[in-house]
Amino acid sequence: MRTRSCTLWSRLAAVAAMAGLAVGLGARAAAPVLNVDRDVSGVRITWNAEGALDFVLEASDDFATWTQVNQSIVREEDPANPGSYLYRVFVPASQAANFYRLVNDGRTQAAYVGSKTCAQCHADKYQEFIESGHPFKLNKVVNGEPPKYFSDGKVNVPDTPAGWTWDDVSWVIGGALWKARWIDNDGYIVTGDAVQYNLANGSWVAYHASDPVGTKPYNCGSCHTTGWVSIEDGGVHQDGLPGMWGSFAEPGIGCEACHGPGGRHVATLSKTEIVKDTSSALCGKCHVRGDPATIPASGGFIRHHEQYNEMLSAGHKVLTCVTCHDPHVSARREMPGAIVRECTDCHDPAEYKKPTNFHTQITECETCHMPHASKSAVAVNKYTGDVRTHIFKINPAADGQMFNEDGSLANGATGVTLAYVCYQCHKDPDGV
């Protein structure tokens, strides 16, 4: 028997009101609507995400005694409303109850505890995570010393831009894997002709050279920090610096940037008090640029951090990012376990790795289907950037066009053109 909860919830709310039970706790926001589906295996409960983190899921057999449900709650993208979220939990039949409700118990999940607190119980995940690039999206300059990266304390950024010293800057943006930029002592991003440092070749290039120094605020915290609250949303200037256009709980992408504030989880040690979101939309909050339905481009390359845009245009959009990636581990650094599923786990190698096909014998799938058609910091040549594309599809047309007429958008639906695929190996005598 399957029971739709709209009717169930209405009936329970009415009974609760008569019994004097606090279902919605008066003036607080009404509980999200529960959908309860039952079958022989157990109970599947889902609800919308509006205000969901303020509520606790409880169960009862007699509608008099309620206990908190202790199964893991998973947050995922609502397939009917892209960009919106659903929470879901499965209760096995052996533990199922007759009634379920969401209760706002006055506690808050808005308390951030920091990644080092998470490490006390999740040491293995923390050790993987600290070796990735995520924690180093924003790095404090302390005592005039360059920031150190990864567990071995690598100094990836040895110098500041010409005319600046380490005492003149307060933070370094990035610097772990691709490039570094600086924030001055007033919180403004350093601009000029040679103020971005590229790790791959040690080059210095321009960043917003037309903007006068001391005028470009740091408003990048939604993707570079954890718990960012912009000035527009009621935040304050981090460290009292006027150029920091918001505040954060932790610099860089910490555990709680993806799992949500951990205060209640730490207090209760309950798995239900932390977010486990396996949707691509979560990664897409940062690995996106502009309209997700388009793929912005510039200078003959797809712009960086657009994997979500690319995935939505690709034939693999039915997959999620975590289908192939462990989000705690860096594929860029080739860390063990970063790729959790290979192409051949789904695609029969016997069909593609044919002995009669020379190319499939000397290349890997990603060589051709994920060429470096994107650029974050530097390009090797006209058709090779420094970030692999996630479009996957190849456009075999000899006259295929990778971009629209003005070069501002990539043609993701038609695929990566042969110049970006073939010219990785087939080069002129001078190497281009």
Side-chain angles (χ1 to χ4, degrees), residues 76-77 79 82-83 132-134 137 177-178 223 253 258 277-335 337-347 352 363-380 383-396 400-404 407-424:
E76 62 186 7
E77 189 173 23
S132 72
H134 279 130
K137 298 297 289 183
L177 298 175
W178 278 278
C223 290
I253 303 303
C258 300
D277 187 346
T278 59
S279 71
S280 294
L282 176 66
C283 306
K285 289 171 61 178
C286 292
H287 289 268
V288 68
R289 187 184 300 276
D291 181 355
T294 66
I295 304 176
S298 177
F301 291 100
I302 297 168
R303 301 178 70 183
H304 65 288
H305 293 312
E306 296 181 25
Q307 290 87 349
Y308 187 56
N309 306 62
E310 294 176 315
M311 282 289 291
L312 292 180
S313 75
H316 289 72
K317 63 184 176 182
V318 296
L319 306 179
T320 65
C321 301
V322 298
T323 301
C324 300
H325 291 275
D326 182 336
H328 303 98
V329 187
S330 172
R332 169 74 173 181
R333 301 193 74 201
E334 299 182 347
M335 294 172 61
I339 303 300
V340 298
R341 181 171 294 181
E342 300 290 344
C343 304
T344 51
D345 290 340
C346 295
H347 300 280
Y352 296 96
T363 62
E364 300 298 330
C365 305
E366 61 268 24
T367 305
C368 300
H369 288 278
M370 300 182 69
H372 291 83
S374 303
K375 186 185 110 172
S376 177
V378 298
V380 176
Y383 297 109
T384 304
D386 54 3
V387 180
R388 289 191 181 277
T389 181
H390 284 65
I391 291 176
F392 302 108
K393 183 178 180 179
I394 297 174
N395 180 357
Q401 296 298 314
M402 182 70 178
F403 306 101
N404 64 356
S408 63
L409 298 173
N411 300 320
T414 58
V416 184
T417 53
L418 296 181
Y420 295 84
V421 176
C422 303
Y423 291 169
Q424 295 177 84

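For this chain, numbers begin at 1 and follow the sequence in order. When reading the values below, keep in mind they use all heavy atoms of this one structure, side chains included, and skip hydrogens, waters and symmetry mates.
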Check: Q424 side chain, V421 main-chain N or O, donor-acceptor pair, under 3.5 Å: yes

Non-hydrogen side-chain atoms of P371 and T389 separated by less than 4.5 Å: yes

Looking only at non-hydrogen atoms, find the nearest pair between C223 and C286 and report the distance. SG-SG, 2.8 Å

Separation between CD1 (I295) and CD1 (I302), nearest 0.5 Å, reads 5.5 Å

Just how far is it from atom CZ of F301 to atom OH of Y383, taken to the nearest 0.5 Å? 9.5 Å

Would you find a donor on one side and an acceptor on the other, under 3.5 Å apart, between the side chain of T344 and the backbone of H347? no

Heavy-atom count around Q401 CD within 6.0 Å, excluding the residue itself: above 12? no

Side-chain donor or acceptor of T294 paired with backbone N/O of P296 under 3.5 Å: no

Taking M370's backbone N and O only, do any of them form a donor-acceptor pair with R388's side chain (distance below 3.5 Å, no angle check)? yes

Between P327 and V322, what is the shortest heavy-atom contact and its length? CD-CG1, 3.9 Å

Criterion side-chain contact (heavy atoms from CB on, under 4.5 Å) on I394 and C368, from CA distance to verdict: CA-CA 8 Å; I394 297 174; C368 300; 4.0 Å; yes

Do R289 side-chain atoms and H304 backbone N/O form a donor-acceptor pair below 3.5 Å? yes

Give the intermediate values and the outcome of side-chain contact (heavy atoms from CB on, under 4.5 Å) for residues S280 and Y308. CA-CA 7 Å; S280 294; Y308 187 56; 3.9 Å; yes

When you look at CZ of R341, are more than 12 heavy atoms from neighbouring residues, nucleotides or ligands closer to it than 6.0 Å? no

Taking all heavy atoms of Y420 and all of G300, pick out the closest pair and write down the distance. OH-O, 2.5 Å

Smallest separation among heavy atoms of G133 and L177, with atom names: CA-CD1, 4.0 Å

For N395 and G400 the tightest heavy-atom approach is ND2-CA, 3.7 Å

Would S279 and T320 count as a side-chain contact (heavy atoms from CB on, under 4.5 Å) if you check the C-alpha gap in whole Å, the side-chain angles of each, and the deciding distance to 0.1 Å? CA-CA 6 Å; S279 71; T320 65; 5.9 Å; no

Would the number of heavy atoms belonging to other residues, nucleotides or ligands and lying under 6.0 Å from NE2 of H134 be above 12? no

To the nearest 0.5 Å, what is the distance between NE2 (H390) and SG (C321)? 7.5 Å

Rounding to 0.5 Å, atoms CD (E364) and SG (C343) come to a distance of 9.0 Å

Walk me through whether V288 and E306 qualify under side-chain contact (heavy atoms from CB on, under 4.5 Å). CA-CA 4 Å; V288 68; E306 296 181 25; over 6 Å; no

Over 60° means perpendicular and under 30° means parallel, so classify the ring planes of H316 and F392, tilted if in between. tilted

How many angstroms lie between CZ in F403 and CG in N411, if you round to the nearest 0.5 Å? 8.5 Å

Look only at the side chain of D386 and the backbone of A379, and say whether a donor-acceptor pair between them is shorter than 3.5 Å. no

Could you check whether S408 and N404, counting side-chain N and O atoms only, form a donor-acceptor pair closer than 3.5 Å? yes

For V340, does its backbone N or O pair with a side-chain atom of D326 as donor and acceptor, under 3.5 Å? no

At what distance, to the nearest 0.5 angstrom, does CG of N309 lie from CZ of R303? 11.0 Å

Output yes when a side-chain donor or acceptor of K393 lies under 3.5 Å from a complementary backbone atom of V416, and no otherwise. no

